[in-house]
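Structure, as C-alpha cells:
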Number of protein chains: 2
Amino acid sequence: MHQPDHLKTVGLKSTLPRLKVLSLFEASKQRHLSAEEVYKLLLTSGDDVGLATIYRVLTQFEQAGLLMRHHFEGGKSVFELNQGEHHDHIVCMQCGHVEEFYDATIEARQKIAATDRGFTIHDHSLYIYADCNKPKCPNKIQS
Amino acid sequence: MHQPDHLKTVGLKSTLPRLKVLSLFEASKQRHLSAEEVYKLLLTSGDDVGLATIYRVLTQFEQAGLLMRHHFEGGKSVFELNQGEHHDHIVCMQCGHVEEFYDATIEARQKIAATDRGFTIHDHSLYIYADCNKPKCPNKIQS
DNA sequence: TTGCAAATAAGAATGATTATCATTTGTGAC
DNA sequence: GTCACAAATGATAATCATTCTTATTTGCAA
C-alpha cells in the first residue's frame, strides 16, 4: 500500500512518529480517528508519541494529501486515509458509527447551485446525522 | 414579526438580555452571527450583556427553535434566525460572505442515501466552500 | 561517523465555550 | 402596586481541543 519511504515522496522525513501514525490509519479497524484517539491507540500499543506531535503530524498529512480532515458535530476534527475517491458521510448520533456514500446527483446539483450564483467551488462538506438502527448500536455516543 | 412577549410562548422569561439578542438578529444586516459578534454589536450599541449570557441565550434560542446553529469552518458556531424553511449554505472562503440555497433534489437524494443504508435521518449539514467572485469581495477572511 | 537542519516532547498558551456562584431581576401571589 | 423567590445575569474560573515555545533528539546527507 505504502512503500516504507512513501513519506519522502510527499516531502516529509520518514520519522518514527510519522510512520507510527500512518501505520495506525492503515491498520485500524476504525477508519475515522480523532487526534485524541490516535494518541490513545498509540499509547496502548506501547508507542508513546506526544500529543502535540500527533496534531502536527495529522495536519502535515492532511496538507500532503495523505489524510482528509472532517468536522463532525462534537467540536473535534476526525481524520481518515485519503484514498482518492471523494465521498460524504452519514454519522450515527447514538453510537458514532460512520458510513460513507457517494451520490453523483448530489455532487452535480451542488456544482450547479454554486455556479448559478457566480461562485467557484473549492470544497464542500455534507454530513448526515442519523440513527443507524443497527441491533448492535450501543445507543451511546462514543467519546 | 415577533410579539413583544414572543419569548414567553417558547417558555423563556422575557428578560432584557434575551430581548436585545433577539432584536439584534431581527435588525442586523448580517444574517449569520457568532457569539463574539453578537457580544461586540451589543457593546457598540451601548447594551452591554455579559459574554457568558450571550452564549447561554444563543443556546437557549437554538433549543427553543428561534435560532439555528451552524458550524462553518473556522471553529466557531454561527447563528441565524430560524424562519422555517430549511436551506444549505455557500460560504465564500475569501470574504466570509454567506449565501443560502435550497435544492429539492439534493434533499431527496440524501433521504434516499440514508434510508437505503437503514439509517433514520435526524439532521444534515451541507456547506459549500467557494470563492464568491464578487467585485466587492475584499479577498480577506473576516475575523 | 559527524553535523546540522528538521522533528519531537513537555508543557505553556490560546481561543471558543461552559461552569460556578454571588448578585440582580422578572413575575405570580397577595 | 408590593413582595418573595425562583430564574437569569455577570464576572470570572474552568474546560476542551488545538497550537505555540523551546530545549532536546534524530534522520540523513556529506
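Just so you know, these numbers come straight off a predicted model, no measurement behind them. Excluded from the calculations below are hydrogen atoms, water molecules and symmetry mates; all remaining heavy atoms, backbone and side chain alike, are included. Below, chains carry the letters A, B, ... as their sequence lines are ordered, and counting in each starts from 1.
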Shorter than 3.5 Å, N or O on both sides, protein versus nucleotides 5-8 of chain D: list them out with atom names.
| from | atom 1 | to | atom 2 | distance (Å) |
| --- | --- | --- | --- | --- |
| D/dA7 | O4' | B/Lys13 | NZ | 3.4 |
| D/dA8 | OP1 | B/Arg18 | NH2 | 2.8 |

Measure [atom1]/[X] against [atom2]/[N] and give the value in whole Å, please.
X       : N      : atom1 : atom2 : value
B/Leu51 : D/dA14 : CG    : P     : 17 Å
B/Leu43 : D/dA11 : CG    : P     : 10 Å
B/Tyr39 : D/dT9  : OH    : P     : 15 Å
A/Lys76 : D/dT18 : NZ    : P     : 7 Å
A/His71 : D/dA17 : NE2   : P     : 15 Å

Roughly how bent is the helix from C/dT1-D/dA30 to C/dC30-D/dG1 end to end, in steps of 10 degrees, with each end axis from five pairs? 30°
Quick one: side-chain contact (heavy atoms from CB on, under 4.5 Å) partners of [X], sequence neighbours excluded?
X        : value
B/Ser45  : B/Leu42, B/Asp47
A/Ser125 : A/Tyr127, B/Tyr127, B/Tyr129
B/His124 : A/Leu126, A/Ile128, B/His86, B/Asp88, B/Glu107, B/Gln110
A/Leu16  : A/Lys20

May I ask you to list the residues sharing a hydrophobic cluster with B/Tyr102, side-chain cutoff 4.5 Å, ordered by chain and number? none
Not counting sequence neighbours, which residues clear salt bridge (charged side-chain N to carboxylate O under 4.0 Å, His left out) with [X]? List them please.
X        : value
B/Asp123 : none
B/Arg31  : B/Glu80, B/Glu100
B/Glu36  : B/Lys40
A/Arg109 : B/Asp103

Just checking B/Ser77: base, sugar-phosphate only, or nothing, at a heavy-atom cut-off of under 4.0 Å? sugar-phosphate
Between B/His32 and B/Gln30, is any side-chain donor less than 3.5 angstrom from a side-chain acceptor? no
Phosphate oxygens OP1/OP2 of D/dT18: is one of them under 4.0 Å from a side-chain N or O of A/Tyr55? yes
Chain B vs DNA chain C, heavy-atom contacts under 4.0 Å, first-to-last nucleotide span, 5' to 3', is C/dA16 to C/dT27
How do B/Leu16 and A/Val49 order along DNA chain C: which one's closest nucleotide is nearer the 5' end? A/Val49
Would you say the ring centroid of B/His71 lies under 6.0 angstrom from that of A/His71? no
